[in-house]
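Below: the structure, in C-alpha cells.
All values derive from a computational prediction rather than experimental measurement. One-based numbering, in listed order, for ligands and for the atoms of each.
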Amino acid sequence: MTLLYTNGQAPVEARIDDLLARMTLEEKVGQMIQLAAVDDEYESYIERYHLGSYLHSLGDDVTRLQALNRQKSRLNIPLIFGIDAIHGHCFEDGSTVFPVQLAMACTWNTELVRQMGEITANEARAGNLHWTFSPVLCMGRDPRWGRTSETFGEDTLLVTEMAAALTEGYQSAEFPLAACAKHYAAYGEADGGRDSADAHVSERRMREVFLPAFERQARSGCKTFMAGYQALNGVPCSANTWLMNTVLREEWHYQGVVVTDWNNCGQMLTLQNAASSMKEAVELCLQASNDIFMSTPDVFTYTLELVREGKVTEARIDESVRRILKLKFDLGLFEDTKSPDRNSVLLDSQRWQTALQASQQSLTLVKNNGALPFDREAKKILLVGDNADNLLNQLGDWSFIPGAAAYEDKTIHRAETITLKAALQEMCEKTGLELQYLGADICGPHCETTQHSAIEQALQHCEQIIFCAGDALNQNGEFHDRADLNLPGNQSAVFKLLQQSGKPMVSILLASKPHCIEAVMEHSDAVIVAFNPGAKGGLALAQLLFGEINPSGRLPISFPRHIGQLPVYYNQAPGWHAPLSPHYSGGAEYIDIQHSPLLAFGEGMSYSKIVYGEAQLSNSSLQDGESVELSLRISNESSRAAVELVQLYCSLRIPGVTSPQKRLLKYQRASIAPHSSADVSFTLVPKDFEILDINLQKTIYAGSLVLMLGKSSRDQELQPIDLMLA
Ligand code: BGC
C-alpha cells in the first residue's frame with residue numbers, strides 16, 4: 001500500500017498530516033536539529049538524533065549522506081542541506097564568484113542581483129544542496145563591524161530592494177534554492193561594531209529602519225529566516241518572543257522555517273549569561289518560534305525531557321515540524337527530483353558574463369580630476385599594492401570556506417580569477433604599456449616595514465602610479481571587527497611616499513568596507529572604490545581605467561573621515577546641539593573635525609558629464625486616491641553612453657517625533673546615449689509616504705514635505721521640491 005505522504009499527487013497539507021501522525025517524538029525533534037558535517041562523528045548524527053538537516057556538506061559527501069539517511073531513516077524523510085552561498089556558490093571550486101553583497105549594492109541594479117541569485121541557485125542545486133543562508137539583510141551602519149561586506153549597505157530601501165531581488169533569484173530559478181533572510185534582526189547594530197554584542201534599538205527604529213526589509217521577505221515568501229547571534233534590547237534574538245512571535249508570526253503571518261544561527265541556544269548559557277542551564281536555554285528558545293536549531297545537538301535531549309515533563313507541549317513541536325516538512329515537500333525533496341548536471345552548469349559561459357557585468361557595475365568612481373580614463377598611449381605604469389594581485393583579498397569573505405579569515409590556500413578559484421595585475425599585464429601585451437609591480441613585500445595590508453629605496457627607485461621610471469590598497473581577507477568577517485579604519489599595514493606610509501613624487505596617481509580602494517582615506521582622496525587624481533569585486537574584478541578595474549567601460553556604481557554606504565565620527569550614515573535625525581550663544585562660533589559639528597562624511601551615501605560618478613534639468617511636479621499637492629508625477633530631463637553631454645542613478649529623497653515632519661533629515665524614497669538607473677537626453681519620472685502615491693506616527697501606528701503622512709532629487713545624498717547635489725499631502 002502506498003503511504004499518503006509518499007504520494008506526490010496528494011495535497012501537501014494532507015501529506016504533512018499523514019507523515020506527522022506516523023512520527024515518534026524523537027523523529028519529530030530530530031527534524032529540528034541541524035548539524036555541521038565537519039567533525040569525525042557527523043555520519044552518526046543521522047541515527048543518533050534522527051537528524052533533519054546538515055550544513056556545510058559538499059560534493060560527494062552530500063549524496064553519500066542522503067543515501068545513508070535513506071537506509072537509516074525509518075520513514076525515509078529526506079535530509080535538507082544548507083550552505084552559505086552568499087555571493088555565489090563559492091565553497092565549490094569552479095563556481096561563479098560574484099562581488100560581495102556590499103559591492104552588489106553599488107550597482108543599485110536589482111535585475112543583476114536577481115540573476116546572481118538564479119545562477120547561484122542552479123550551481124548549488126547542482127551540488128545537491130537545497131538551502132542557502134542568504135540574503136543578508138543586516139545594515140552596514142558601523143564599518144568597524146567585521147561583517148560589513150556582507151551587507152547591502154546602510155539604507156533601508158536599498159537593502160529591502162536588493163535582498164528581495166536576491167531571494168527572488170534563488171527561489172524562482174529553474175532549480176530553486178530556499179533563501180534565508182538573516183540575521184533577524186538589527187545584528188549589525190552591535191555596540192561598538194563588536195560582532196554579536198548586544199544591540200539596543202528602540203521599537204521605533206526597529207520598525208522604521210531594521211524590520212522593513214525582513215517584513216518584505218516574510219510577506220513575499222522567503223522560505224526561511226535566521227535569528228541573529230546578538231541580543232536585542234537585552235533579549236537574545238533566538239529567545240526574543242517579541243521579534244520571533246509577536247512581529248514575525250502574528251503581525252506578518254510568517255509560515256516559513258526559522259533557524260537559529262550557529263549555537264545561538266547554547267550561547268545563551270556560555271556567552272550571554274541569559275540562561276542558567278542548557279535546558280532553560282532550550283525552553284526559552286522553544287517559547288520563541290524557532291524551528292531548526294543550528295549546531296546545538298543538546299537541544300535533542302532537552303526538548304524530549306521538556307515535552308515529557310509537560311513544560312513544552314507536543315503541539316508546539318508539531319508546529320515546527322510542520323513548517324520543516326512543508327519546506328522539504330515544497331522543494332520536492334520527497335520526490336526523485338533531478339538536480340542539474342554540474343558539468344553542464346559549469347560549461348555555461350554566460351554566468352561569467354553576468355559576473356563580469358556585476359564586477360563592472362559595482363566599481364564606484366568617487367574622484368576624477370580628468371586623469372581617467374587613461375588614454376591609449378603607451379605609458380610606464382607603476383602598480384603598487386598587494387591587493388592588486390591577491391586573490392584572497394579580492395574575493396573576500398564567504399568565497400572559500402565558512403570562517404574565511406583562516407583560509408590561506410590560494411588554489412580555489414585561481415583558474416577563473418583575474419586580478420588587476422593580471423589584467424594590466426595582458427593589456428600591456430596589446431598596447432605597449434610598460435608595467436612595474438610592487439606587491440606584498442613592499443606594500444600591503446600585512447606589510448609593516450616600508451622599503452623607501454625600492455619604492456623611490458621604481459618611482460624614477462614611471463609616468464603613472466596606480467595605488468591599490470585595502471584590507472586583507474583576515475582583517476574582516478566574523479570575529480574580525482576593527483577599531484581602526486585607517487589603511488592597515490604600511491599602505492598609508494607608502495601612499496605618502498608615492499604622493500611626494502608628484503607623479504600622477506590613481507588610487508583604488510579594493511577592500512571589504514569603507515576606510516578612512518582622507519589623504520588618498522585629497523592627493524590622488526582619481527579614486528575608485530572596489531568592494532571585494534568578485535573573480536572578474538581585476539579585469540573590470542582595468543577596463544574602467546582604460547575607458548572600456550563607463551563607471552556607474554554609487555556608494556551604498558558612507559565613508560567616515562575619522563573613526564571617531566561613527567556613525568556617519570546619511571539618514572540621521574537632526575538635533576545636535578546648535579549654537580544659541582553669540583559667544584559660540586561653531587555649528588552642529590565636532591570642534592575638531594568636520595561632521596560631513598568623507599564620501600556620502602549615493603555618491604559616485606561616470607566619465608560622462610550628466611546635466612540635470614529642473615524637476616517638474618504634475619501637481620504640488622497629493623490627495624488621497626491620486627498620484628503625482630515627478631519628472632526630470634537629464635542630458636549626457638559626452639560621447640560615451642552612461643548610466644545615471646537618479647535618487648529621490650524626502651524630508652518630512654511627524655508631529656512629536658524626530659525624523660531623519662532625509663530618507664531615500666525611490667531611485668532609477670537611467671541609460672543615456674551619447675549627446676542625448678533621457679526623461680526620468682517617478683510616480684508618487686500617498687502610500688509612498690507611509691510613516692509611523694507618535695504611537696507607532698502606520699499612517700499616511702499629511703502636511704507639507706520636501707522632495708529632493710539629484711545625484712547623491714549630499715544636500716548640494718539635490719534640488720528641493722515642495723509637496724503637500726492633503
Ligand atoms: C553565521 C551565519 C552563517 C552560519 C552558518 C554563522 O556563524 O553568523 O551567517 O549562515 O554561521 O555558516
Side-chain angles (χ1 to χ4, degrees), residues 33-39 42 52-58 62 80-92 100-102 120 124 127 129-140 145-152 159 163 166-167 170 177-190 193-197 199 213-214 217 222-232 236-238 257-268 270-272 290-297 396-407 474 476-481 512:
I33 312 285
Q34 179 180 60
L35 294 172
V38 285
D39 62 27
Y42 69 84
S53 173
Y54 277 109
L55 76 156
H56 294 171
S57 173
L58 286 172
V62 179
I80 183 165
F81 286 84
I83 197 78
D84 290 281
I86 305 288
H87 51 105
H89 174 44
C90 304
F91 295 171
E92 284 200 70
V100 295
Q101 267 196 209
L102 190 61
T120 305
L129 305 167
H130 316 113
W131 178 14
T132 176
F133 304 126
S134 166
V136 175
L137 279 66
C138 304
M139 316 268 302
W145 187 39
R147 305 189 71 170
T148 302
S149 77
E150 291 182 58
T151 74
F152 281 123
V159 170
L166 190 50
T167 293
Y170 291 139
L177 188 65
C180 181
K182 77 183 188 185
H183 308 80
Y184 185 61
Y187 172 41
E189 284 303 278
R194 296 189 279 273
D195 191 17
S196 95
F214 285 101
Q217 298 279 330
C222 177
K223 290 194 181 299
T224 74
F225 265 53
M226 184 188 291
Y229 270 133
Q230 95 292 7
L232 176 67
C237 288
S238 283
V257 166
V258 176
V259 62
T260 70
D261 203 341
W262 187 284
N263 194 24
N264 275 8
C265 183
Q267 294 195 0
M268 286 177 65
T270 56
L271 201 62
Q272 292 171 316
N290 299 285
D291 299 310
I292 296 185
F293 289 78
M294 182 193 287
S295 300
T296 314
D397 204 9
W398 299 107
S399 297
F400 312 96
I401 53 166
Y407 185 77
N474 62 6
N476 75 93
E478 273 183 73
F479 336 114
H480 288 78
D481 314 310
S512 73

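Using the six-membered ring where Trp is involved, His56 and Phe91 have ring planes that are perpendicular, over 60° apart on the 30 and 60° scheme.
When non-hydrogen atoms are compared, ligand 1 lies under 4.0 Å from neither the backbone nor the side chain of Val136. Contacts between Glu150 and ligand 1 below 4.0 angstrom, taking non-hydrogen atoms only, are absent altogether.
The ligand atoms of ligand 1 that sit less than 4.0 angstrom from a heavy atom of Lys182 are 2 (C), 3 (C), 9 (O), 10 (O). In the vicinity of Leu55, heavy-atom distances shorter than 4.0 Å reach the ligand 1 atoms 5 (C). Close contacts of ligand 1 with Phe133, meaning ligand atoms under 4.0 Å from a residue heavy atom, involve 10 (O). Per-residue contacts place His183 under 4.0 angstrom from the following atoms of ligand 1 (heavy atoms of the residue considered): 2 (C), 8 (O), 9 (O).
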Under the criterion side chain to side chain contact (heavy atoms under 4.5 Å, CB included), I'd like the reasoning laid out for Phe152 against Leu166: C-alpha separation, chi angles, the key distance, then a yes or no. CA-CA 11 Å; Phe152 281 123; Leu166 190 50; 4.0 Å; yes
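Looking only at side-chain heavy atoms (C-beta outward), Gln34 and Trp131 come within less than 4.5 Å of each other. Within the 4.5 Å cutoff, the side chain of Val62 has heavy atoms near those of the Leu129 side chain. Contact check for Arg147 versus Asp195: side-chain heavy atoms found under the 4.5 Å cut-off.
With rounding to the nearest 0.5 angstrom, the CG atom of Leu55 is 10.5 Å from the CD1 atom of Ile292.
Atom 7 (O) of ligand 1 has as its closest protein heavy atom Tyr229 OH, 2.5 Å. If you check which protein heavy atom lies closest to atom 3 (C) of ligand 1, you get Asp84 OD1, 3.2 Å.
Close N/O approach between Glu478 and ligand 1 is found [any backbone or side-chain N/O within under 3.5 Å].
Looking at Thr260, Asp261, Asn263, Asn264, it is Asp261 that brings a heavy atom closest to atom 6 (C) of ligand 1.
Under the side-chain contact (heavy atoms from CB on, under 4.5 Å) criterion, Thr296 pairs with Asn263, Cys265, Met278, Val299, sequence neighbours left out.
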